[in-house]
Each structure stands twice: as C-alpha cells, then as structure tokens.
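We count ligands from 1, going down the list as the structure has it; atoms in each ligand are counted the same way. FYI, the numbering just counts along the sequence from 1.
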Amino acid sequence: MDNIFSSIQTCAKRIKKAIDIKDIGYSNQENSSGETQLQLDIQCDMIIEKEFSKVASINTISSEEKEHTVALHEDGEYFISYDPLDGSSLVDVNLSVGSIFGIYKGGFGSQNMVAACYVVYGPRVEMVFAHNKVKLYLLQEGEFEYVKEIRLKEKGKLNAPGGTQQNWEPYHKEMVDSFFAEGYRLRYSGGMVPDLHQILLKGGGLFSYPATSDKPQGKLRKLFEVFPFAFVYEKAGGEAIDGKQRVLDLGHAHIHDTSPCFFGSKYEIARVKEVYAQHGS
Ligand code: AFP
C-alpha cells in the first residue's frame with residue numbers, strides 16, 4: 001500500500017503540472033460515458049497508467065477514460081479504479097478539479113475495497129487518503145506533508161444538490177428545500193471532488209446526485225466516483241447511500257455503471273433515508 005500511496009503522489013504532481021500548462025482543447029475521442037474527452041483527460045490518464053505500471057503490487061487498473069480494464073502485473077494483489085481528472089470541464093473556467101482512486105484487493109467490487117484516495121487541484125494541491133483513518137496531506141515545496149485526520153461532525157451546514165432541478169422528483173426537491181429552510185447554505189461548483197472535500201473539511205452537510213427523469217441511474221460512476229467517496233465518508237464518520245441502501249453494498253455489473261448517491265454526515269443522511277423510504281422506488 002505504501003508504494004501505491006507514493007505512486008499516487010507522483011501522479012498528482014505530474015497532473016498538477018499538466019493542468020498548469022496543457023492546452024485544454026477537446027480531442028476527437030469520446031469516453032465510455034459518451035463525453036468528448038479533453039486532451040488533458042487523456043494526458044492525465046496516461047500519466048497514471050505509466051506510474052501504476054511501475055508498481056508491482058498493482059494487478060489491474062480501470063480508468064473512467066478507458067472502455068476496458070488494463071492488466072498490469074499478474075502477481076499483484078491490488079486493483080485500482082480511477083478518474084484521472086474529474087470535473088475537467090471546469091479547468092477552462094479555473095475552478096478546482098480532482099483525481100479519484102478506489103483501491104481494491106483481489107478484484108474490483110465495493111466489498112473488496114481497502115482504501116480510497118482523492119487529490120484536489122485548487123489554489124493548493126491537497127490529497128486525502130482513507131485507509132483505517134482519513135488523512136489530509138498538503139503539497140508544499142514539492143512534497144506532500146501530513147496535515148491532520150479528518151472527522152465529520154454529526155450534522156453540518158452545507159447543501160450541495162446535483163442534477164438538473166427540472167428533472168428532480170418533487171419529493172427530492174422538497175427534501176433539498178427542507179435543508180435550506182433549516183439554514184443550510186448552498187455550495188455546488190459542479191466538481192464532485194471540491195464539493196465533497198468542502199463538506200468534509202467544513203464538518204458536514206449533504207452532497208446529493210439523485211436519480212432524475214433524464215438519468216434514472218444517476219450520473220456519477222460507481223467505480224470511479226461513488227465507491228471511493230463512499231469509503232472516505234464512512235471512514236470519516238459519515239454515510240453514503242443511494243437513497244435507501246449503503247452504496248458500498250451495491251454491486252456493479254459493468255465498470256462504467258452509475259448510481260444515484262448521497263454523501264453526508266449522520267443527521268442529513270437520516271433525513272434522506274426517511275424521505276426516500278416513503279417515496280423512492
Ligand atoms: P465533468 O468531469 O464532465 O466535468 O463532470 C463532473 C461530474 O462528473 C462531477 O464531478 C460533478 O459532481 C458532476 O459531474 C456535476 O454534474 P452536473 O453538472 O450535472 O451537476
């Protein structure tokens with residue numbers, strides 16, 4: 001695991017450089033979710049594949065930017081799913097973006113998850129690594145330095161509601177509004193990494209990306225976005241559900257499967273469960 005941890009650090013430093021200098025034009029390729037890839041998406045994906053191919057304990061990788069898994073080392077015990085540059089469409093407006101990693105032992109699948117990690121490229125570069133605890137690191141003068149352990153409070157103050165409102169179910173809108181009526185503040189940038197990072201560091205709140213009429217299975221990908229953040233939130237004392245069920249109990253049929261998802265501290269997730277038990281399918 002130490003080798004993986006330091007390999008991700010190397011990737012993060014190289015990706016930060018690519019973000020700073022790379023022309024961010026579109027490529028002529030689409031990824032498996034049908035989105036046109038930025039040249040930057042492709043470059044970040046290549047950086048990670050190259051670094052991970054040097055780590056003998058990594059058996060297989062799967063990337064949000066690749067249709068299929070890639071086998072690396074037959075004797076390796078770890079399987080890593082990653083989103084090289086989540087929120088890359090925000091780079092041209094200079095908002096924060098991130099890389100997400102899910103680390104599994106023996107095969108892909110939430111039941112095999114042993115660690116998760118994400119990197120935020122904002123005014124500063126930060127890394128959060130969740131194994132037994134959730135630890136925050138800051139890139140300072142070329143090296144990641146440990147900052148602190150992250151723990152969520154029982155109840156937060158932030159509300160980050162994803163998805164197009166006109167496609168929300170009425171009960172979902174009522175639930176989102178009920179948090180605002182209680183004094184919660186809106187925080188939503190359109191980048192999952194900075195939005196979830198903000199909730200974690202400010203002590204709690206709710207991030208939701210529900211099933212909508214245009215996306216009945218949600219938008220966010222299980223392996224590349226939902227499972228890794230679910231692991232981080234649970235280890236930090238919060239919860240992650242699909243409305244009813246713990247997301248880490250959901251299986252996946254295909255590596256690019258998506259799921260509705262709600263991440264938060266205990267208080268907000270209890271409300272989601274209550275509302276979705278009455279209404280959700
Ligand atoms: P991009 O990588 O295409 O910018 O999408 C980012 C993302 O997958 C995730 O980071 C956001 O939380 C989510 O999409 C935002 O989606 P909406 O724009 O539909 O709210």
Number the atoms of ligand 1 from 1 as they appear, then name those within less than 4.0 Å of a heavy atom of Asp86, with their elements. 8 (O), 9 (C), 10 (O)

Ligand 1 to Ser88, heavy atom cutoff 4.0 Å, flagged ligand atoms 2 (O), 4 (O)

Which atoms of ligand 1 have any heavy atom of Gly87 under 4.0 Å away? 1 (P), 2 (O), 4 (O), 6 (C)

Over 60° means perpendicular and under 30° means parallel, so tell me whether His252 and Phe227 are parallel, tilted or perpendicular. perpendicular

Selection from Gln165, Glu225, Met192 by shortest heavy-atom distance to atom 8 (O) of ligand 1: Glu225

Has the side chain of Ser265 got a donor or acceptor atom that lies under 3.5 Å from a matching backbone atom of Gly205? yes

Side-chain donor-acceptor contact under 3.5 Å, Glu126 with His197: yes

Between Ser81 (side chain only) and Leu223 (backbone N and O only), is there a donor and an acceptor less than 3.5 Å apart? yes

Which atoms of ligand 1 are found less than 4.0 Å from any heavy atom of Tyr209? 16 (O), 17 (P), 19 (O), 20 (O)

Geometry only, no angles: is Leu90 polar-contacting ligand 1 at N/O separations under 3.5 Å? no

Using a 4.0 Å heavy-atom cut-off, say whether Asp195 meets ligand 1 through its side chain, its backbone, both or neither. neither

Indicate the ring-plane relationship of Phe229 and Tyr233, choosing parallel, tilted or perpendicular according to the 30° and 60° boundaries. perpendicular

With heavy atoms only and a cut-off of under 4.0 Å, state how Arg221 meets ligand 1: side chain, backbone, both or neither. side chain

Measuring centre to centre across the rings, with the benzene-like ring taken for any Trp, is Tyr137 within less than 6.0 Å of Phe5? yes

